[in-house]
Amino acid sequence: TPPTPTPVAETRPKYGGVLTTMQARIPVDWDFMKVPSGGATFNRADLAFQALFNSPNTPQTGCTGELEPVLAESYRWLNDLTLEIKVRPGVKFHDKPLVNGRPLTAEDVAYSIDRLRQLQARVSGAAMYVAEVRAKDAGTVVISLKEPYGDVTGSSFLGASIYGSFVLAREAGGPRESWADPAKAYIATGPFMFKEYVDGVSFTYSRNPSYWKAGLPYVDAVKYLIVPEPATEEALLRAGKADLWNMEPTFRIVE
């Protein structure tokens, strides 16, 4: 008979403060739906924005291959050409003008998918299959296809990836859909809110106190330093002036 395990005390540290990381260049366009790939833009947007689903093979899903609903609560195929998605209840946008913390609705989801479909910068392959996106009611989105397409929920369209669709507030960018100032346009449902951009130097996100996942995020802010030279990035990391360094590892760095 195996021994009774001894209860383990909660050892998770109490987080807070500012997490500082680095990237080599500024985003080419803050409007990530207009960027064909643009990791510098997309990878910064995903602190504020979220998709309907997480891609199946991510740390969030444990690389199980199972699709994880995020802003979607559930989905079902009504037939080969019709996908119905239930929007997760209780999710609110950042408490900033013009949205002011209002609830996420199916109209926001339909608007976001349709905008991405029309721009087609990253999803032309998937967008060509979509005939219509509409809000059936406040909590239900219906996507009608021109012909069967199995990867609608996947990373190439509705899943969280560099090609996927983030959900925007209908008011995002204002009446002219201007994304020149991300502090005003980056208003979404994610764990962080865009706070400040210092041209060519840094940009900062602050913690979303009303995030729908209880207890998250752990840190109070995330600050990105724009550092074009790898040697300078390494020096900042070694000096303790940065917490993260996104780079291609070499044997020298690993050692």
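Position 1 is the first residue of the sequence; numbering continues from there.
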query: If every non-hydrogen atom of W30 is compared with every non-hydrogen atom of A180, which pair is closest and at what distance?
result: CD1-O, 4.0 Å

Closest non-hydrogen atom pair, F93 against I187: CD2-O, 4.1 Å

message: Applying a strict under-4.5 Å side-chain criterion to I, L, V, M, F, W and Y, I'd like to know whether Y186 and L98 cluster together.
response: no

query: Closest heavy-atom contact between A188 and A48?
result: CB-O, 3.2 Å

query: Using 4.0 Å as the upper bound for N to carboxylate O, is an ion pair formed by R76 and E84?
result: yes

task: Starting from the C-alpha separation in whole Å, work towards a yes-or-no answer on side-chain hydrogen bond (donor to acceptor under 3.5 Å, both in side chains) for W245 and Q23.
output: CA-CA 8 Å; W245 181 18; Q23 71 175 49; over 6 Å; no

task: Considering only NZ, NE, NH1 and NH2 on the basic side and carboxylate oxygens on the acidic side, decide whether R102 and E171 come within less than 4.0 Å.
output: yes

task: Give a yes or no answer on whether the side chain of H94 reaches the backbone of F192 with a donor-acceptor pair at less than 3.5 Å.
output: yes

task: Would you kindly confirm whether W77 and V142 end up in one hydrophobic cluster when ILVMFWY residues are joined by side chain heavy atoms under 4.5 Å apart?
output: no

- prompt: How far apart are the C-alpha atoms of S206 and K195, what are their side-chain angles, what is the distance that settles it, and do they pass the side-chain hydrogen bond (donor to acceptor under 3.5 Å, both in side chains) test?
  reply: CA-CA 6 Å; S206 61; K195 181 180 180 181; over 6 Å; no

field: Neighbour count above 12 (heavy atom, 6.0 Å) for K241 NZ
entry: no

- prompt: Would you call the rings of F194 and F203 parallel, tilted or perpendicular, where under 30° means parallel and over 60° means perpendicular?
  reply: parallel

message: Within a 6.0 Å radius of atom CG on D80, are there more than 12 heavy atoms belonging to other residues, nucleotides or ligands?
response: no

task: Look at the side chain of S112 and the backbone N and O of D108, then say whether any donor-acceptor pair between them is shorter than 3.5 Å.
output: yes

query: Quick one: does I143's side chain get under 4.5 Å of V130's, heavy atoms only?
result: yes

message: Run the salt bridge (Lys or Arg N to Asp or Glu O under 4.0 Å) test on R134 and E107 for me, step by step, so that the C-alpha distance in whole Å, both residues' side-chain angles and the decisive distance to 0.1 Å come before the verdict.
response: CA-CA 8 Å; R134 63 184 178 88; E107 290 187 5; over 6 Å; no

Under 3.5 Å: donor-acceptor pair, side chain of R207, backbone of Y218: no

- prompt: With the 4.5 Å side-chain cut-off for hydrophobic clustering, are V133 and L52 part of the same group?
  reply: yes

message: Give me the atom names and distance for the closest heavy-atom approach of L237 to A242.
response: CD1-O, 3.4 Å

field: salt_bridge(D31, R115) N-O dist < 4.0 Å
entry: yes

- prompt: Would R117 and E132 pass as an ion pair if we require N to O under 4.0 Å?
  reply: no

query: Do V18 and D220 touch side chain to side chain, with heavy atoms closer than 4.5 Å?
result: no

query: Which atoms form the tightest heavy-atom contact between A106 and T140, and what is the distance?
result: CB-O, 3.4 Å

- request: Decide whether Q50 and T189 meet the rule of one side-chain donor and one side-chain acceptor closer than 3.5 Å.
  value: yes

query: Parallel, tilted or perpendicular: which fits the ring planes of Y205 and Y224, with parallel below 30° and perpendicular above 60°?
result: perpendicular

